[in-house]
*Asks:* 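Sending over a structure as structure tokens; questions will come in a sec.
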Amino acid sequence: PRRVVVDCDPGHDDALALLMAAGHPDVEIAAITTVGGNQTLEKVTRNALAVATVAGLEHAVVAAGCDRPLVADAVITAPRTHGASGLDGPVLPAPTVALDPRHGVDVIIETVMAAEPGTITLVPMGPLTNIATAVRREPAVVGRVAEVVLMGGGYTKGNITPAAEFNIYTDPEAAHVVFAAPWRVTMVGLDLTHQARATEDVVERFRALGTRAGDFVVDMLDFFGPAYRAEQGFPAPPVHDVCALVRAVEPDVVTVRPGHVDVELRGEHTRGMTVTDLLGREGRDLDHLVATELDVDRFWDLVIGAVSRLD
Ligand code: BDR
Ligand code: CA
């Protein structure tokens, strides 16, 4: 099985990614760590525990990480997209999964360092604060993980600003640390994730499962769909974070190209932009991978198939 550490800020799409990971037969969730992002750390951590409960992950390690970006004093939340709770829509069960008392960054480091080299895939789907802090605290993690497959950025567009995507914009300095470290990052950005839209058809397939997990997804999409329509004019909401997980687990569902990514830290209009070089200009090393194209049918078959294995 593919062993993953999911660093997240649930968040509707984070939550669907966790359900998918829990249901996929070849995925083992080594740890779930949370980071302030879509909502405050306290709220997203509560949501993560509730989703882990729905997913039947009783024995999962869930730990809370950083509550704010490296430089800014407070997290920029996304209540218009994810609601006041960070996961509006479904009724959240009282968690039966316990919160690990360790700091999320320590959990990331300890999990990676305890595992055989090259066996853990990091899948960040929120601001990159925890990952950057782990890199600074224990640089040896960089050589030790199998790969980093993150949802963030984009090479042609932003969402929170015309140039920048939410996860990168909310902590650009952390994103800089992650992209500049000597490991290979796969950037699953907006160009890719906007292809993964939960259309009415998809919602009906989740409804037809007739399970608690299926109904939970329907309740999430009943909030997330209209929120996305009102906020960004999408007919159906893109489930960004799920794409990173799918790339980590079934790589050929997501086409990638080699690229180099620099995070804009100073731009007047472009702070948080992932400036992506696909051509190797000025001799730049195309050291990362950039996701370009999604096999949409296989994607939904995989995600719905995984969720169908949950109760
Ligand atoms: C990203 O921002 C968050 O709102 C989503 O959960 C996703 O990780 C998309 O820009
Ligand atoms: Ca997220």
Side-chain angles (χ1 to χ4, degrees), residues 4-21 32-41 43-48 51 64-66 69 75-89 104 122-131 148-172 174-175 178 186-198 217 220-221 223-225 227-234 236-248 263 272-274 291 294 303:
V4 296
V5 171
V6 179
D7 185 65
C8 59
D9 60 339
H12 297 73
D13 49 336
D14 305 78
L16 182 54
L18 287 173
L19 293 171
M20 187 249 150
I32 298 168
T33 52
T34 58
V35 61
N38 285 325
Q39 261 303 346
T40 61
L41 181 68
K43 290 181 181 179
V44 300
T45 302
R46 173 179 182 272
N47 297 344
V51 173
C66 297
V75 74
I76 301 168
T77 58
R80 285 196 296 169
T81 312
H82 298 278
S85 71
L87 193 54
D88 278 17
L122 293 184
V123 190
M125 36 185 85
L128 289 159
T129 324
N130 288 341
I131 310 297
V148 181
V149 184
L150 64 85
M151 191 282 133
Y155 58 95
T156 63
K157 56 184 158 186
N159 56 7
I160 187 162
T161 74
E165 181 278 329
F166 178 83
N167 289 340
I168 307 298
Y169 182 80
T170 51
D171 196 345
V178 171
T186 300
M187 178 172 83
V188 180
L190 296 175
D191 314 277
L192 188 289
T193 66
H194 282 175
Q195 299 167 47
R197 299 190 188 184
V217 174
M220 287 204 296
L221 294 173
F223 178 88
F224 199 49
Y228 242 96
R229 209 171 305 133
E231 229 242 311
Q232 290 188 50
F234 281 82
V239 294
H240 310 278
D241 296 337
V242 187
C243 302
L245 203 90
V246 164
R247 167 67 197 180
V263 179
M273 181 177 183
T274 43
L294 182 69
V303 175

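Every number for a ligand or one of its atoms is a count from 1 in the order of the listing.
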*Asks:* State the CD1-OG1 distance between I32 and T45, to the nearest 0.5 angstrom.
*Replies:* 11.0 Å
*Asks:* For F166, does the CZ atom sit with more than 12 other heavy atoms under 6.0 Å from it, leaving out its own atoms?
*Replies:* yes
*Asks:* Answer yes or no: is there a donor N or O on one side and an acceptor on the other, between the side chain of H82 and the main chain of P10, under 3.5 Å?
*Replies:* no
*Asks:* With a 4.0 Å cut-off on heavy atoms, is H82 in contact with ligand 1?
*Replies:* yes
*Asks:* What's the shortest distance from atom 6 (O) of ligand 1 to any protein heavy atom, and which residue and atom give it?
*Replies:* D13 OD1, 2.6 Å
*Asks:* N/O/S atom of M125 under 3.0 Å from the Ca ion (ligand 2), yes or no?
*Replies:* yes
*Asks:* For ligand 1, which part of N167 has a heavy atom less than 4.0 Å away: the side chain, the backbone, both, or neither?
*Replies:* side chain
*Asks:* Evaluating non-hydrogen atoms only, which member of V44, V242, N38 is closest to atom 4 (O) of ligand 1?
*Replies:* N38
*Asks:* Only heavy atoms of M151, strictly under 4.0 Å: list the atoms of ligand 1 that pass.
*Replies:* 1 (C), 7 (C), 8 (O), 9 (C)
*Asks:* Rounded to the nearest 0.5 Å, what separation is found between the CD1 atom of I76 and the CG atom of N38?
*Replies:* 12.0 Å
*Asks:* Without swapping roles, check the side chain of N130 against the backbone of T34 for a donor-acceptor pair under 3.5 Å.
*Replies:* yes
*Asks:* At the Ca ion (ligand 2), what is the angle formed between atom OD2 of D241 and atom OD2 of D14, rounded to the nearest 10°?
*Replies:* 70°
*Asks:* Do the side chain of E231 and the main chain of R80 share a donor and acceptor less than 3.5 angstrom apart?
*Replies:* no
*Asks:* What's the shortest distance from atom 2 (O) of ligand 1 to any protein heavy atom, and which residue and atom give it?
*Replies:* F166 CD2, 3.4 Å
*Asks:* What do you reckon, does M125 have a nitrogen or oxygen under 3.5 Å from a nitrogen or oxygen of ligand 1?
*Replies:* yes
*Asks:* Within D13, is some N, O or S atom less than 3.0 Å away from the Ca ion (ligand 2)?
*Replies:* no
*Asks:* I'd like the name of whichever of E165, Q232, H240, R80 reaches closest to atom 1 (C) of ligand 1 through any heavy atom.
*Replies:* E165
*Asks:* Would you compute the distance between atom CD1 of I131 and atom CG of L122 and round it to the nearest 0.5 angstrom?
*Replies:* 5.0 Å
*Asks:* What protein heavy atom sits nearest atom 8 (O) of ligand 1, and how far off is it?
*Replies:* D241 OD1, 2.6 Å
*Asks:* Evaluate the criterion side chain to side chain contact (heavy atoms under 4.5 Å, CB included) for residue pair N167 and L128; output intermediate values, then yes/no.
*Replies:* CA-CA 7 Å; N167 289 340; L128 289 159; 6.0 Å; no
*Asks:* For ligand 1, is N159 a contact, meaning one of its heavy atoms is under 4.0 Å away?
*Replies:* yes
*Asks:* Do you know which N/O/S atom name in D9 is closest to the Ca ion (ligand 2)?
*Replies:* OD1
*Asks:* Heavy-atom distances under 4.0 Å decide this one: backbone, side chain, both or neither, for T193 against ligand 1?
*Replies:* neither
*Asks:* In terms of ring plane angle, is the pair Y228 and H240 parallel, tilted or perpendicular, where the classes change at 30° and 60°?
*Replies:* tilted
*Asks:* When rounded to the nearest 0.5 angstrom, what distance separates CG in N159 from CD1 in I168?
*Replies:* 10.5 Å
